[in-house]
Peer 1: 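Structure incoming, see below.
All values below come from the heavy atoms of this structure, side chains included, with hydrogens, waters and symmetry mates left out.
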Amino acid sequence: MCGAYGFSVKDAREVYDRFGVMNKLLDFKPHWRIGIGSMNPVIYMTADGVQIKNMYWTFLPRWAPEKRLKYSTFNARDDRLMESQLYRSAVPNQRCIIPATYFFEPDKIHYPKPPHPWYAFKLKEQNIMALAGLYNAWTDPKTNEELYTYTIITTQPNAVVGQYHDREPALLDREHEKQWLNPDLTEPQQVLPLLKPYPPEAMESWHVPDAAKNPRNDTPEVIKPVAS
């Protein structure tokens, strides 16, 4: 599960250059605590090249009657994508990248019952990580307004995340990011192998304060290390 992450990059040009984005966001700003059901930058491919767009973090299929679903779609398991009526049709040509600087996971290994202490995870040598995702344009049947929505794909955890949680967001290797967005690759066997645990030696983690559990606490304090 990945139900919270941060995207605290302050200079939009760093993101545009990193992913070769062709357009710009008018309201780009850093966020230290991103929660489910919020609007966030997502990178995807169009006929005009790589684009960035604010999308709603909860995947809404075209047939969804309303914005609130009875089940969770903020994450999608990599091992069930092609079995799911919800995500299967999105795999061929609705793949996206969610840029992040770190993500949070609760420690459910040592604390099976809540409250769970939370940990943050980031890459040692890279400021920005690329989370693999799927997106969909949903039209509200009541208002006819179009809303772009997304989900973050999860996979088996590496040794760093696995100390605390049984899933991790699928981080793309930098050399595989273009492949994930490539519209010419429409067969599952061409892209699903890219979804795998990230090398643990390239990742670090630390205990964060309980304030990180609340999405309203969108401040740098939520990622300050807590002494064990």
Side-chain angles (χ1 to χ4, degrees), residues 1-21 30-34 40-45 50 52 57 74-79 81 95-110 116-134 150-182 185 190-209 212 220 222-228:
M1 182 194 76
C2 177
Y5 66 97
F7 184 43
S8 55
V9 174
K10 297 180 180 180
D11 187 347
R13 291 175 298 180
E14 182 179 352
V15 182
Y16 302 152
D17 293 343
R18 168 73 170 73
F19 294 101
V21 175
H31 287 286
W32 290 268
R33 171 53 166 97
I34 289 174
N40 307 294
V42 173
I43 294 165
Y44 66 120
M45 182 69 76
V50 179
I52 189 168
W57 187 13
F74 59 90
N75 283 163
R77 290 179 62 106
D78 63 336
D79 55 350
L81 290 178
R95 302 185 300 272
C96 62
I97 289 174
I98 298 90
T101 42
Y102 48 84
F103 62 90
F104 299 99
E105 294 290 5
D107 181 358
K108 292 188 175 182
I109 302 299
H110 303 97
H116 311 289
W118 274 34
Y119 286 78
F121 304 84
K122 69 180 291 292
L123 301 183
K124 293 179 179 178
E125 303 296 332
Q126 299 181 48
N127 185 38
I128 301 175
M129 57 178 67
L131 311 184
L134 299 172
Y150 72 97
T151 186
I152 294 174
I153 299 173
T154 66
T155 188
Q156 292 292 321
N158 62 22
V160 176
V161 181
Q163 298 178 80
Y164 309 106
H165 205 271
D166 62 355
R167 303 290 294 175
E168 74 177 41
L171 276 68
L172 295 168
D173 293 332
R174 192 155 185 173
E175 62 268 24
H176 292 152
E177 292 168 5
K178 291 184 178 179
Q179 188 176 347
W180 180 253
L181 294 181
N182 189 341
L185 302 181
Q190 295 175 302
V191 292
L192 294 186
L194 305 180
L195 306 174
K196 56 187 179 181
Y198 204 80
E201 64 274 11
M203 187 179 289
E204 60 185 352
S205 66
W206 65 97
H207 185 196
V208 295
V222 300
I223 57 171
K224 289 185 176 180
V226 173
S228 300

Peer 1: side-chain contact (heavy atoms from CB on, under 4.5 Å), that's the test. Do Gln126 and Arg18 meet it? Break it down for me.
Peer 2: CA-CA 11 Å; Gln126 299 181 48; Arg18 168 73 170 73; 3.5 Å; yes

Peer 1: Is Glu125 salt-bridged to Arg174, cutoff N-O under 4.0 Å?
Peer 2: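 Looking at Glu125 and Arg174, the cut-off is not met.
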
Peer 1: Begin from the C-alpha positions of Val42 and Ile52 and carry the test side-chain contact (heavy atoms from CB on, under 4.5 Å) through to its verdict.
Peer 2: CA-CA 6 Å; Val42 173; Ile52 189 168; over 6 Å; no

Peer 1: To the nearest 0.5 Å, how far apart are CZ in Arg77 and CZ in Arg167?
Peer 2: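 The CZ atom of Arg167 is 4.0 Å from CZ of Arg77, to the nearest 0.5 Å.
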
Peer 1: Hey, are the side chains of Tyr198 and Leu172 touching, using non-hydrogen atoms and a 4.5 Å cut-off?
Peer 2: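 Result no, sub-4.5 Å side-chain heavy-atom pair not found.
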
Peer 1: Is Val208 close to Tyr119 at the side-chain level, that is, under 4.5 Å between some pair of heavy atoms?
Peer 2: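 No, side chains not in contact.
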
Peer 1: The criterion is side-chain hydrogen bond (donor to acceptor under 3.5 Å, both in side chains); which residues satisfy it with His31, sequence neighbours excluded?
Peer 2: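 Applying side-chain hydrogen bond (donor to acceptor under 3.5 Å, both in side chains) to His31 gives Asp218.
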
Peer 1: Which distance, rounded to the nearest 0.5 Å, do you find between the CG of Leu134 and the CG of Leu81?
Peer 2: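 Answer for the CG-CG pair, Leu134 versus Leu81, is 6.0 Å.
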
Peer 1: Using side-chain heavy atoms (C-beta onward) and a distance below 4.5 Å, is Phe7 in contact with Pro41?
Peer 2: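 A side-chain contact exists here, since the closest heavy-atom pair is under 4.5 Å.
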
Peer 1: Phe74 vs Trp57 aromatic rings, parallel, tilted or perpendicular, using cut-offs 30° and 60°?
Peer 2: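 The arrangement is perpendicular - the two ring planes meet at more than 60°.
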
Peer 1: Which value, rounded to the nearest 0.5 Å, describes the distance between Arg33 atom CZ and Ser8 atom OG?
Peer 2: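 Result: 13.5 Å between the selected atoms.
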
Peer 1: Return the OG to CD distance between Ser205 and Gln163, rounded to the nearest 0.5 Å.
Peer 2: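 Here the rounded value is 6.0 Å.
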
Peer 1: Please report the shortest heavy-atom distance between Leu123 and Met203, naming the atom on each side.
Peer 2: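 Reported closest heavy-atom pair: CD2-CE, 4.3 Å.
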
Peer 1: Taking all non-hydrogen atoms of both residues into account, name the closest pair between Leu181 and Met45 and its distance.
Peer 2: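 Between these two residues, the closest heavy atoms are O-CB, 3.4 Å.
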
Peer 1: When you measure from the side chain of Arg95 to the backbone N and O of Asn182, does any donor-acceptor pair fall under 3.5 Å?
Peer 2: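 Yes; at least one donor-acceptor contact below 3.5 Å.
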
Peer 1: Given Pro169, which partner from the list Phe103, Tyr5, Phe121 fulfils the side chain to side chain contact (heavy atoms under 4.5 Å, CB included) test?
Peer 2: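 For Pro169, the side chain to side chain contact (heavy atoms under 4.5 Å, CB included) check succeeds only for Phe103.
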
Peer 1: Please tell me whether Phe104 and Tyr102 form a close aromatic pair, meaning their ring centres lie under 6.0 Å apart.
Peer 2: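 Under 6.0 Å, so yes.
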
Peer 1: Tell me whether Trp206 contacts the main-chain N or O of Ile223 through its side chain, where contact means a donor paired with an acceptor under 3.5 Å.
Peer 2: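 Yes, Trp206 side chain to Ile223 backbone: donor-acceptor pair under 3.5 Å.
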
Peer 1: Looking only at heavy atoms, what is the nearest atom pair of Ile109 and Gly162, with distance?
Peer 2: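 Closest heavy-atom pair between Ile109 and Gly162: CG1-O, 3.9 Å.
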
Peer 1: Distance check, rounded to the nearest 0.5 Å: Glu204 atom CD versus Lys124 atom NZ?
Peer 2: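 Spacing of CD (Glu204) from NZ (Lys124) equals 6.5 Å.
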
Peer 1: Under a 3.5 Å distance rule, please check whether Glu168 uses its side chain to pair with a backbone N or O of Asn158 as donor and acceptor.
Peer 2: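 Yes.
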
Peer 1: Would the Trp180 and Tyr44 ring centres measure less than 6.0 Å apart?
Peer 2: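 Here the rings of Tyr44 and Trp180 have centres that are no less than 6.0 Å from each other.
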
Peer 1: With no hydrogens and no angle check, do the side chains of Asp78 and Thr155 hold a donor and an acceptor under 3.5 Å apart?
Peer 2: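 A donor-acceptor contact under 3.5 Å links the two side chains.
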
Peer 1: Measure the spacing between CD1 of Ile153 and SG of Cys96 and express it to the nearest 0.5 Å.
Peer 2: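 Answer for the CD1-SG pair, Ile153 versus Cys96, is 7.5 Å.
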
Peer 1: Provide the closest heavy-atom pair for Thr154 versus Cys2 in the form atom of the first, atom of the second, distance.
Peer 2: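 Minimum heavy-atom separation between Thr154 and Cys2: CG2-N, 4.3 Å.
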
Peer 1: Can you tell me which residue pairs pass the salt bridge (Lys or Arg N to Asp or Glu O under 4.0 Å) test with a partner in residues 3-17, sequence neighbours excluded?
Peer 2: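 Pairs touching residues 3-17 that pass the test: Asp11-Arg13.
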
Peer 1: Could you check Thr101, Ile98, Ile97, Leu171 and say which one makes a side chain to side chain contact (heavy atoms under 4.5 Å, CB included) with Met129?
Peer 2: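 That would be Leu171.
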
Peer 1: Locate the shortest heavy-atom distance separating Ile43 from Val15; write the atom from each residue and the value.
Peer 2: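 So the minimum-distance heavy-atom pair works out to CD1-CG1, 4.5 Å.
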
Peer 1: If I compare all heavy atoms of Ile34 with all of Gly6, which pair ends up nearest, and what's the gap?
Peer 2: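 What the structure gives for the nearest pair is CD1-C, 4.5 Å.
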
Peer 1: Is there side-chain contact between Pro225 and His207, with at least one heavy-atom pair below 4.5 Å?
Peer 2: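 No, every pair of side-chain atoms sits at 4.5 Å or beyond.
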
Peer 1: Taking atom types as modelled, is there a side-chain donor on Tyr150 or Asn40 under 3.5 Å from an acceptor on the other?
Peer 2: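 Yes, a side-chain donor-acceptor pair sits under 3.5 Å.
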
